[in-house]
Amino acid sequence: TPDSLLALHTAGYREVRARMSDGRFLDVGCGLGDESVGFAGGGRELVGVDYDPETAASAVRTHGAAGMDAICSDGSLLALKGDTFDNVCSSHLIEHFVEPEHHVAEVSRVLSPDGTAFFLMTNKPADFENQYHVYLFTPEDFRSMLGRHFGTVEVHGLDATPLVKDDFEKRREMANKLLKLDPLGLRHKLPREAFVWLHATGRRLAYRFTNTEQVGGASGITDDEFFLTDQIDQTTLVLFAVCSDPID
């Protein structure tokens, strides 16, 4: 995985930690919990959610001693009691739902009346073809949807320095070269499983031979290259939403 992507995710969690409160914390889409565990400590109760049972179990095995628990559940139908968590985080998960509003409604449902929810997602204009991104938002559409489930919504941009922007542009150029091998767009006519396999395989091969200066720390890119901004434009990488006052 390119350094810039790892740093982007780390920077997003950093900004959540800077704004979270004490109490019960829920990280939906926790994966193996390597980033989620950073929310533990200080007497805080940390619960992660992942769709895959083995992944959720691995998160507990690896980070349980640090105070992390995890359950297996669907992010659009959470097996959790309502009005339960003081903070809920959804980091780069919403773009993977065919109907993302169900996920947002569930986050609102499990959030306590005076709690805060954090949503991070790729800014639609800045995205380039990703076989796992099935629904993307512009800042305006994102704010509008969140406003149907939260009384207070702030949408910021998580952006980066020219060093990171250049790195993303290199990968965009590489992706566009690969996509030129399919000028008729036949990949989009394949069954979804075949499309995902083809895209993932091509990406792995391309990274292996062309990405040596962008991985393993060779790029020098860390989360220090990322910052929050209210000046969101077509190149802003990520949308960072802070929501409160859940609407039943």
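Along the sequence shown, residues carry numbers from 1. All values derive from a computational prediction rather than experimental measurement.
- No side-chain donor-acceptor contact under 3.5 Å links Thr62 to the backbone of Ala59.
- Smallest separation of non-hydrogen atoms from Gly48 and Met68: CA-CE, 4.1 Å.
- Under the 4.5 Å side-chain criterion, counting only non-hydrogen atoms from C-beta, His149 is not in contact with Val107.
- Using modelled atom types, one side-chain atom of Glu106 and one backbone atom of Leu78 make a donor-acceptor pair closer than 3.5 Å.
- For the pair Ser21 and Asn87, the minimum side-chain heavy-atom distance is below 4.5 Å.
- With hydrogens and angles ignored, the 3.5 Å screen pairs no side-chain donor or acceptor of Arg19 with any backbone N or O of Val242.
- The pair Glu140-Arg143 fails the salt-bridge criterion, with no side-chain N (NZ, NE, NH1 or NH2) lying under 4.0 Å from an Asp/Glu carboxylate O.
- Of the inter-residue distances, the one linking Asn123 atom CG with Leu239 atom CG reads 4.5 Å to the nearest 0.5 angstrom.
- With 3.5 Å as the limit, one finds a donor-acceptor pair spanning the side chains of His63 and Asp34.
- Contact check on Asp22 versus Arg44 returns a salt bridge, with a Lys/Arg side-chain nitrogen under 4.0 Å from an Asp/Glu carboxylate oxygen.
- Put simply, the side chain of Thr10 reaches to within 4.5 Å of the side chain of Glu35, judged on heavy atoms.
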query = Does the side chain to side chain donor-acceptor pair (under 3.5 Å) test come out yes or no for Asp159 and Thr229, once each step is laid out?
reply = CA-CA 7 Å; Asp159 217 342; Thr229 177; over 6 Å; no
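- When only modelled atom types and interatomic distance are considered, Asp127 and Thr122 share no side-chain donor-acceptor pair under 3.5 Å.
- Residues Val238 and His92 form a side-chain contact, since some pair of their non-hydrogen atoms from C-beta on lies under 4.5 Å apart.
- Looking only at distances, no side-chain donor or acceptor of Asp50 sits under 3.5 Å from a matching main-chain atom of Cys72.
- The side-chain heavy atoms of Phe97 and Ser76, taken from C-beta on, include a pair separated by under 4.5 Å.
- Checking Glu15 against His156 by side-chain atom types alone, no donor-acceptor pair falls below 3.5 Å.
- Side chain of Asp233 to main chain of Thr236: a donor-acceptor pair is present (N/O by atom type, distance under 3.5 Å, no hydrogens or angles).
- Nearest approach of Ser90 to His103, heavy atoms of both residues: OG-NE2, 2.8 Å.
- Ring centroids of Phe39 and Tyr13 are separated by less than 6.0 Å, placing the two rings close together.
- The closest side-chain donor-acceptor pair between Ser58 and Glu54 falls under 3.5 angstrom.
- For the pair Leu228 and Phe240, the minimum side-chain heavy-atom distance is below 4.5 Å.
- Using a 4.5 Å heavy-atom threshold, the side chains of Leu111 and Asp83 count as separate.
- Arg109 contributes no side-chain N or O that, together with a main-chain N or O of Ile247, makes up a donor-acceptor pair within less than 3.5 Å.
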